[in-house]
Amino acid sequence: MIEARHLRILRAVAGTGSFSAAARELGCTQPAVSQQMKALEQSAGTPLLVRAGREMRLTQAGEALVRHAAGILAGLTAAEEEVAAIAGLRAGRVRLVSFPSGSSTLVPTALAAMRAEHPGTRISLVEAEPPRSVEMLRDGDCDVALAFRYAGSDPAGPGSGGVGAPAAEGWEDLVVRPLLTDRLVGLVPAGHRLAGSASVRMAELADEPWIAGCPRCRRHLVEVCEDAGFTPRIDFATDDYPAVAGLVGAGLGVAVLPELAVESVRAKGVSTVAVEPAVEREVVALTLPDLARVPAVAATLAELERAAAR
């Protein structure tokens, strides 16, 4: 096998005309140059140099190899520089996928910090709810997935978590970075009988028409209501949080939304109330163990943690 170090020595010999001159140029000994040239000729299976008086001249095979060596060594140098830039966060990319309320709250702060600290790192963003976002991570379609799970809804199990964090059932193969606990709050029309209450028990909303959110949130709403002793009458369902708030504000029903979602919309004609018993979801950042060691991915995870702590 032809090695890059052999090519560098061959080029030096071709350029200087002797082993001793090449050794001086490369900062090594003449016997070392001679030994490396013998190894290269053995790999090539043919002589590459011939002695002509005091000089070394290239054979036809040697000329061909030197001609190709320039491009090979230039490519290796470019590759080394690019890898060094990525390792030093002067270059690289991170593909991030997030659920909508995370995209409008945590992600902007984290990405702004990444751009300020590491302007050479490119970050792309697409939106997807879990479990689709987790599937994208495992399929190699993203590097970091912002996801959530509801307390008591997704069965928890032991897992490595990569950084001492707990892993949800089905996340055992992933690095799990807990970011924050997001509590669900109730939304009622501003003129509603419960508007302005310090807190509301779910059972007090049993006879209300409901506006539900994304499919996963919708399933969880039904579970929470059934735990409170009733089945919600869902009149409207939409994945769009501003639409949920708009429907509530128009007096068409009540809803529960995560605080992150409420923070991301301007709800007119809506009153928010605490819901009892407390309903919470855990917001996490997920990545693969190998990706967690990539500097740009590790920096993105760190900035998401800082954004969540603010």
Are L221 and Y241 connected in a single hydrophobic cluster, I mean Ile/Leu/Val/Met/Phe/Trp/Tyr linked by side-chain heavy atoms less than 4.5 Å apart? no

Considering the options L73, L26, L65, which one meets the side-chain contact (heavy atoms from CB on, under 4.5 Å) requirement together with R11? L73

Is there a donor-acceptor pair closer than 3.5 Å between any side-chain N or O of T238 and the backbone N or O of A243? no

So does L194 get a backbone contact from the side chain of H192, meaning a donor-acceptor N/O pair under 3.5 Å? yes

Tell me, do V126 and M136 make a side-chain contact under 4.5 Å, heavy atoms counted? yes

Give a yes or no on whether the backbone of S103 and the side-chain of S98 come within a donor-acceptor separation of less than 3.5 Å. yes

Verify salt bridge (Lys or Arg N to Asp or Glu O under 4.0 Å) between R138 and E135, making sure each step is shown before the conclusion. CA-CA 5 Å; R138 289 197 176 102; E135 293 172 0; over 6 Å; no

Any salt bridge (Lys or Arg N to Asp or Glu O under 4.0 Å) involving residues 66-93? Give me the pairs, sequence neighbours left out, ordered by first then second residue. none

Could you see if V224 belongs to whatever hydrophobic cluster contains V262? Use Ile, Leu, Val, Met, Phe, Trp, Tyr and a side-chain cutoff under 4.5 Å. no

Apply the test side chain to side chain contact (heavy atoms under 4.5 Å, CB included) to residues L58 and V66: give CA-CA distance (whole Å), side-chain angles for both, the deciding distance (0.1 Å), then the verdict. CA-CA 9 Å; L58 295 170; V66 167; 3.8 Å; yes

Between CD of E259 and CZ of R183, what distance do you get to the nearest 0.5 Å? 7.5 Å

Taking the side chain as C-beta and beyond, is there a heavy-atom pair between V222 and I234 under 4.5 Å? yes

Just so I know, are the side chains of V284 and W171 near enough to count as touching, which here means a heavy-atom distance under 4.5 Å? yes

Side-chain donor or acceptor of D143 paired with backbone N/O of R95 under 3.5 Å: yes

From CA spacing to verdict: side chain to side chain contact (heavy atoms under 4.5 Å, CB included), L179, L106: CA-CA 10 Å; L179 299 180; L106 300 178; 4.2 Å; yes

Say you draw a straight line from SG of C225 to CD of E208; how long is it, rounded to the nearest 0.5 Å? 11.0 Å

Are I211 and V270 co-members of a hydrophobic cluster defined by side-chain heavy atoms under 4.5 Å apart? yes

To the nearest 0.5 Å, what is the distance between OG (S43) and CD1 (I2)? 6.5 Å

Using a 3.5 Å distance criterion without hydrogens, assess whether the side chain of E41 forms a donor-acceptor pair with backbone atoms of L48. yes

Shortest non-hydrogen pair, P189 vs G253, comes out as CD-O, 3.7 Å

Is there a side-chain contact between D235 and W210 (heavy atoms, below 4.5 Å)? no

Please report the shortest heavy-atom distance between A147 and L286, naming the atom on each side. CB-CD1, 4.0 Å

Pair T105, S264 - check side chain to side chain donor-acceptor pair (under 3.5 Å), show working. CA-CA 6 Å; T105 53; S264 67; over 6 Å; no

Nearest-0.5 Å distance that lies between atom CG in L96 and atom OG in S124: 7.5 Å

Quick one: do Y150 and L184 satisfy side chain to side chain contact (heavy atoms under 4.5 Å, CB included)? Show the steps, please. CA-CA 10 Å; Y150 285 101; L184 269 65; 3.7 Å; yes

Just so I know, are the side chains of V279 and V256 near enough to count as touching, which here means a heavy-atom distance under 4.5 Å? no

Decide whether a cation-pi geometry holds between R216 and F99; the criteria are a distance under 6.0 Å from NZ or CZ to the six-membered ring centre and an angle within 45° of the ring axis. no

Show the numbers, then the answer: is there a salt bridge (Lys or Arg N to Asp or Glu O under 4.0 Å) between E282 and R149? CA-CA 5 Å; E282 183 186 16; R149 66 169 184 250; 2.6 Å; yes

Closest approach of G213 and R218, non-hydrogen atoms and distance? O-NH2, 2.7 Å

Evaluate side chain to side chain contact (heavy atoms under 4.5 Å, CB included) for L49 paired with R57, printing each intermediate quantity in order. CA-CA 5 Å; L49 296 162; R57 293 183 180 175; over 6 Å; no

Heavy atoms from other residues, nucleotides or ligands near CG of D207 exceed 12 (cutoff 6.0 Å): no

D239 vs P215 side-chain heavy atoms within contact, under 4.5 Å: yes

Does T300 reach the main-chain N or O of A296 with its side chain, forming a donor-acceptor pair under 3.5 Å? yes

Counting only heavy atoms not in Q35, do more than 12 sit closer than 6.0 Å to its CD atom? no

Do the side chains of V13 and S18 get nearer than 4.5 Å, heavy atoms only? no

Do M202 and L257 sit in one hydrophobic cluster, given that two such residues count as connected whenever their side-chain heavy atoms are within less than 4.5 Å of each other, even indirectly? no

Minimum heavy-atom separation for T287 to A292, with atom names? CG2-CB, 3.9 Å

Minimum heavy-atom separation for L10 to G62, with atom names? CD2-O, 4.4 Å

CE of M114 to CD of E303, rounded to nearest 0.5 Å, is 6.5 Å

For the residue pair V297 and V94, what are the closest heavy atoms and their distance? N-CG2, 3.9 Å

Filter on salt bridge (Lys or Arg N to Asp or Glu O under 4.0 Å), then keep only pairs touching residues 102-130, sequence neighbours left out; what's left? none

If I take atom OG1 from residue T121 and atom CD1 from residue I123, how far apart are they, to the nearest 0.5 angstrom? 6.5 Å

Is the closest side-chain heavy-atom distance between V97 and L146 below 4.5 Å? no

Would L89 and V144 show up in the same hydrophobic cluster when neighbours are defined by side-chain heavy atoms closer than 4.5 Å? no

Taking only residues at least two apart or on different chains, which pairs with a member in residues 196-205 satisfy side-chain hydrogen bond (donor to acceptor under 3.5 Å, both in side chains)? none

Under 3.5 Å donor-acceptor, D182 side chain and P258 backbone: no

